[in-house]
Number of protein chains: 2
Amino acid sequence: MKEQIKDKKTAIMESALKLFTERGFHGTSTAQISKEAGVATGTLFNYFPTKEDLINSLYFEVKGQLSQSMGKEIEAQSTFQDKLRKIWSNLIKWGVDNQEEFLFVGQFCSSPYITKFTREEVMKEYVFLHDLVNEGIKTGVIRDFSAELTIAMFYQASRTVVNLILDSDSSQDKNKFIEDGFKIIWKGLAKK
Amino acid sequence: MKEQIKDKKTAIMESALKLFTERGFHGTSTAQISKEAGVATGTLFNYFPTKEDLINSLYFEVKGQLSQSMGKEIEAQSTFQDKLRKIWSNLIKWGVDNQEEFLFVGQFCSSPYITKFTREEVMKEYVFLHDLVNEGIKTGVIRDFSAELTIAMFYQASRTVVNLILDSDSSQDKNKFIEDGFKIIWKGLAKK
DNA sequence: TCTCTAATTGACTGATTAGTCAGTTTACTG
DNA sequence: CAGTAAACTGACTAATCAGTCAATTAGAGA
């Protein structure tokens with residue numbers, strides 16, 4: 001039964017994710033979500049007391065996945081620049097490979113749903129990025145701006161590149177965007 | 001009567017803008033909008049055949065305002081860097097001074113409402129930015145990346161800074177964010 | 001003042017919404 | 001097998017939705 005539980009719950013979350021990115025939060029009804037998941041309406045409310053709970057759970061789930069993908073194989077990188085480069089490509093790969101999740105995060109973050117509390121709560125998962133940036137500043141590899149600004153500029157730049165890739169038809173532009181995007185943000189942040 | 005028309009129409013648009021940023025598109029009903037505007041429901045549908053028409057009109061209106069603010073006093077600037085610097089501060093000033101409009105644009109652009117067509121349609125207003133960037137590339141002031149990438153990185157960086165300012169309590173951080181943000185994006189884009 | 005036209009109104013409609021709950025099925029235990 | 005607890009169902013509800021339209025109001029010209 002444990003397996004069943006997970007099956008239905010994930011089915012609901014997957015359907016919700018798909019429909020939310022297609023039609024928006026309020027544009028998607030709980031009835032549509034349960035139908036798409038092949039589940040009764042009541043089951044949805046068994047797992048998520050309200051629709052807003054579902055949206056929030058989805059956001060934490062997706063942000064967790066993103067944060068995990070982001071940190072992959074960083075230790076294997078020797079220089080600070082290589083580490084940042086790896087995070088850069090991890091972020092972009094995640095966005096391109098998980099288009100729905102990527103769009104969902106964008107939608108959620110620009111929506112009135114997100115509170116300052118939620119944003120700060122999620123930020124906790126990015127402590128290691130914060131530490132890395134502070135280390136880079138201390139060792140003089142990157143310029144001494146506030147870590148908040150540095151991280152935000154870096155993260156949003158990666159989102160910009162993903163959006164360009166998703167809009168672009170040609171797949172050869174893809175790598176150019178990734179390379180050139182990093183050139184821009186790295187030169188902007190690096191000390192020399 | 002001409003005056004009346006404009007009064008009611010703008011009242012509707014202003015109320016819609018306010019409520020959309022507070023509660024999202026689907027989260028705001030046409031009844032709420034008309035009530036807030038001090039107008040009957042029927043009047044709203046007199047000016048905007050459907051709710052989607054209202055949202056779209058609002059987007060074009062707001063983007064027009066933004067594009068106008070962005071280009072202010074550029075001719076007065078002599079160097080290319082000064083021009084970009086002016087656009088940078090214009091963009092940020094607009095976002096900070098027109099918070100609702102700023103958030104609305106963000107919400108709309110990340111929503112499923114926006115089509116590739118709408119995005120391209122709005123892009124036409126930014127031809128002068130495109131020209132400026134191409135000129136910068138040709139004269140060797142900025143690095144030779146695709147104008148699309150350059151503009152997107154620059155524009156999104158300015159949005160990032162506005163978001164940081166809106167989240168920040170201290171007003172002395174504000175100028176620091178604007179200054180440092182430009183340092184980052186300029187060094188990233190400039191040739192030397 | 002009267003007339004005509006266009007703007008405005010808000011009660012109304014059929015459809016849809018988030019969420020409920022009494023009853024049914026399922027799977028495990030003893 | 002019987003007993004039980006939890007998962008699951010879907011018809012149901014009160015509220016709300018986008019959009020309509022017949023009736024009313026207001027202003028401009030004669």
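Everything quoted here is computed from the prediction, not taken from an experiment. In what follows, every chain begins at residue 1, and chains take the letters A, B, ... in the order their sequences are listed.
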Peer 1: Suppose we screen for ring pair (Phe, Tyr, Trp, His ring centres under 6.0 Å). Which residues come up paired with B:F104, at least two apart in sequence or across chains?
Peer 2: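 For B:F104 the ring pair (Phe, Tyr, Trp, His ring centres under 6.0 Å) partners, ignoring immediate neighbours, are B:F25.
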Peer 1: Applying salt bridge (Lys or Arg N to Asp or Glu O under 4.0 Å), name anything that partners A:K63, two or more places apart in sequence or on another chain.
Peer 2: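 So A:K63 forms no salt bridge (Lys or Arg N to Asp or Glu O under 4.0 Å) with any residue.
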Peer 1: I want to check one thing: is the phosphate of C:dT16, taken as OP1 and OP2, less than 4.0 Å away from some side-chain N or O of A:S29?
Peer 2: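 Looking at the OP1 and OP2 atoms of C:dT16, neither is under 4.0 Å from any side-chain N or O of A:S29.
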Peer 1: Any chance the side chains of B:N163 and B:T160 put a donor and an acceptor closer than 3.5 Å?
Peer 2: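 Not at all, the side chains of B:N163 and B:T160 share no donor-acceptor pair under 3.5 Å.
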Peer 1: Between the side chains of A:T50 and A:D53, does any donor sit under 3.5 Å from an acceptor?
Peer 2: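 Yes - a donor-acceptor pair under 3.5 Å links their side chains.
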Peer 1: Would you please name every residue forming a ring pair (Phe, Tyr, Trp, His ring centres under 6.0 Å) with B:W94, sequence neighbours left out?
Peer 2: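 None.
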Peer 1: Using the test ring pair (Phe, Tyr, Trp, His ring centres under 6.0 Å), find all partners of A:H130 that sit at least two apart in sequence or belong to another chain.
Peer 2: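 Checked A:H130 against ring pair (Phe, Tyr, Trp, His ring centres under 6.0 Å); zero matches.
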Peer 1: Take the protein atom CD of B:E52 and the nucleotide atom C1' of D:dC17, then report the distance between them rounded to whole Å.
Peer 2: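 From B:E52 CD to D:dC17 C1': 15 Å.
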Peer 1: With a 4.0 Å cutoff (strictly under), does any side-chain N or O of A:Y47 reach OP1 or OP2 of D:dA7?
Peer 2: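 No, no such contact exists.
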Peer 1: Let's see if you get this right: which residues in residues 31-41 of chain A place a heavy atom under 4.0 Å from DNA chain D?
Peer 2: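 Those residues are A:V39, A:A40, A:T41.
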Peer 1: Nearest whole angstrom, please: distance from the C1' of D:dC21 to the CG of B:N46.
Peer 2: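 These atoms are roughly 12 Å apart.
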Peer 1: Atom CG of A:L44 and atom P of C:dG19: how far apart are they, to the nearest Å?
Peer 2: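 In whole Å, C:dG19 P and A:L44 CG are 10 Å from each other.
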Peer 1: Could you work out, with side-chain hydrogen bond (donor to acceptor under 3.5 Å, both in side chains) as the rule, every residue matching A:Y59, not counting sequence neighbours?
Peer 2: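 A:Y59 satisfies side-chain hydrogen bond (donor to acceptor under 3.5 Å, both in side chains) with no residue once adjacent residues are dropped.
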Peer 1: Can you sort out the partners of A:K86 under salt bridge (Lys or Arg N to Asp or Glu O under 4.0 Å), two or more places apart, ordered by chain and number?
Peer 2: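 For A:K86, the residues satisfying salt bridge (Lys or Arg N to Asp or Glu O under 4.0 Å) (neighbours in sequence not counted) are A:E73.
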Peer 1: Taking only the side-chain heavy atoms of A:T50 (C-beta and beyond), determine which of D:dC8, C:dG19, C:dT8 contains the nearest atom.
Peer 2: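 Of the options given, the side chain of A:T50 lies nearest C:dG19.
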Peer 1: Rounded off to whole Å, could you give me the CZ-to-C1' distance for the A:F48 and D:dA7 pair?
Peer 2: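 Rounding to the nearest Å, CZ of A:F48 and C1' of D:dA7 are 15 Å apart.
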Peer 1: What residues, two or more places apart in sequence or in another chain, satisfy salt bridge (Lys or Arg N to Asp or Glu O under 4.0 Å) together with B:K191?
Peer 2: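 By the salt bridge (Lys or Arg N to Asp or Glu O under 4.0 Å) rule, B:K191 matches no residue at all.
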Peer 1: Just how far, in rounded Å, is C1' of D:dG27 from CG of B:D7?
Peer 2: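 Atom-to-atom, B:D7 to D:dG27, this comes out as 15 Å.
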Peer 1: Please pick, from C:dG19, C:dT8, D:dG19, the nucleotide with the shortest atom-to-atom distance to any side-chain atom of A:F45.
Peer 2: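 Selected nucleotide: C:dG19.
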Peer 1: In residues 15-26 of chain A, which ones come under 4.0 Å of DNA chain D, going by heavy atoms?
Peer 2: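 Those residues whose heavy atoms fall under 4.0 Å from DNA chain D, taken from residues 15-26 of chain A, amount to none.
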Peer 1: Between C1' on D:dA18 and NZ on B:K51, what's the gap in Å once rounded to a whole number?
Peer 2: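 So the two atoms are 8 Å apart, to the nearest Å.
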